[in-house]
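Note that these values count all heavy atoms, side chains included, but never hydrogens, waters or copies made by symmetry. We name chains A, B, ... by the order of the sequence lines, and we start the count at 1 in each one. These numbers come from a predicted model, not from an experiment.
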There are 2 protein chains.
Amino acid sequence: MELPEALEKIMSGVNSGKTIIVVGKMHAQYVGRSTSRLTEGDRVLIIKNDRSVLLHRPTGYEPVNWQPPGVVINAQITVEGLELECSRKSPPEVLRIVITEVYSAEAYRLIDKGEFTIHAREEDMKLAIINSPDMIEPGLKILETERRVGDEYIDILAVDSDGQLVVIEIKRRRGTRQDVEQVIHYASMVEKELGKKTRKILVAPSISREAASLAMALKVEYKCFSPRLAYEILSKKKGLERFMKG
Amino acid sequence: MELPEALEKIMSGVNSGKTIIVVGKMHAQYVGRSTSRLTEGDRVLIIKNDRSVLLHRPTGYEPVNWQPPGVVINAQITVEGLELECSRKSPPEVLRIVITEVYSAEAYRLIDKGEFTIHAREEDMKLAIINSPDMIEPGLKILETERRVGDEYIDILAVDSDGQLVVIEIKRRRGTRQDVEQVIHYASMVEKELGKKTRKILVAPSISREAASLAMALKVEYKCFSPRLAYEILSKKKGLERFMKG
DNA sequence: AAATCGATATCGTAG
DNA sequence: CTACGATGTCGATTT
């Protein structure tokens, strides 16, 4: 496709809120929060309905260059080629893309009212524990979730069968040394605020060797629990509730 | 475009290492590290040369669903539509995409040998400080960078004009409370290992109010320095070197 | 394979 | 706007 035709497609698409896909040979430059330069090669450029801009190489998950939604787009033909300037004010940053050859340029009116639901998040692990605290430890009673201490939130504050406070930190991924430090930090704030000693439990699907030895040293307990198991427990419970209603 | 024609384009493209772009109405399901469900809507599906899979909604930076490079792709026409199954073994996960309507489906042989260079990273800030330590504080001398303590790395270990050890932590973005805690943590490990007191400095372009007050309380000093300034300093130095050579 | 850390991280949420 | 934590974070590097 010729550059002027592509320019017309891009700008009329941008102005009417379409999603534009350009495949071609391009190079790019970014100046803003960082600074980068990309020399010529075959790329896929996507300008979405919300005027976010993605420049993809033919490999990998991440765009090599991009701009977030709501960017201001200017385009013109120069001696270099079809030059797109994508800029915004806060933070001040500019992505300049020069297209030298166009293999394809199309604009689509895309309407997406689909719903996206995700399960097996940290939130689901929390819900499963609230529903079945005995899973963590027999006799455990939940006192509060998301208790605010300073500017931070403690995942779960509970009390064990001996009446001692328990600070619980949940991670959906393998527990790290820093996660152990986080629960220690939360517990120390609770202890300072309430003037009571606490037990500390890190709940995660697995734990790194370093985190395990640090936990041992700092008297942080570890309880194995996975997001997948949490999802299954919640599904079962939901299924049961449906059955009870029905 | 009819579904069988799209199926043919997709599979022959996948088998010959092309990049495939499909625009159409689709829904998707993911099971693996998490679990998600996306109901029908207009989407852009990209299968790259390296068999990474991206499913984009018409808004936002991130793909709503994806698979990393090297995934195994199977496709067939079912009663539901054109069904793509993208799976891998480690970790075990499957992304199932059902295309019910195809607006466009094309395969491109994309060759990208371009170079990507980035500046104004945290690494550049470190290099600038190594080149001009006086910028941080007159008389500062760099002892080590990336010093390993346990399993972690300290950005810069230096000594001030009074001969006292200085632990420096660099951030390219606004400093947070956690960054202050990190430099404290590193310093305590150094103090334990070397048996000497240290000064602690957080270098960042700005600092949050909470981080500033925590830094004050914990005797962590803050020095303002930005990635952009680091890049300018390094560019100037490089220009000077070129001038000296030429 | 495991662990750590940086990133133009992005994104949502709360205040 | 700022601040903070979650993410199927990804990706690079080192052991």
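For the pair B:Pro69 and B:Thr35, both in contact range of DNA chain D, the more 5′-proximal nearest nucleotide belongs to B:Thr35.
Among the protein residues, A:Leu95 comes within range of no part of the nucleic acid, since none of its heavy atoms lies under 4.0 Å from any strand. Contact annotation for B:Pro68: base contact, defined as any heavy-atom pair under 4.0 Å involving a base atom.
Of the residues in residues 170-182 of chain A, those with a non-hydrogen atom less than 4.0 angstrom from any atom of DNA chain C are A:Arg174, A:Arg177, A:Gln178.
In this structure, A:Tyr231 and A:His119 have parallel ring planes: the angle between them is below the 30° cut-off, well short of the 60° mark.
A side-chain donor-acceptor contact under 3.5 Å links A:Tyr222 to the backbone of A:Ala204.
Scanning for side chain to side chain donor-acceptor pair (under 3.5 Å) contacts around B:Thr100 gives B:Glu40, with sequence neighbours left out.
Distances shorter than 4.0 Å separate none of the side-chain N or O atoms of A:Tyr61 from OP1 or OP2 on D:dA12.
The distance from the CD1 atom of B:Ile156 to the CD1 atom of B:Ile142 is 4.5 Å, given to the nearest 0.5 Å.
Atom CD in A:Glu169 sits roughly 11 Å away from atom C1' in D:dA6 (whole-Å rounding).
Taking the side chain of A:Asn65 as heavy atoms from C-beta on, and the options C:dT8, D:dG5, D:dG8, the nearest nucleotide is C:dT8. Counting only heavy atoms from C-beta on, B:Glu122 has its side chain closest to C:dG6 among D:dG5, C:dA3, C:dG6. Here D:dA6 is the nucleotide among D:dA6, D:dG8, C:dG15 with the atom lying nearest to any side-chain atom of A:Asp155.
For the 3.5 Å distance criterion, the side chains of B:Thr39 and A:Glu115 fail to qualify, holding no donor opposite an acceptor. Residues B:Glu152 and B:His185 bring a donor and an acceptor atom of their side chains to less than 3.5 Å of each other.
With centres under 5.5 Å and a plane angle under 30°, the ring of A:Tyr30 is stacked against the base of C:dT8.
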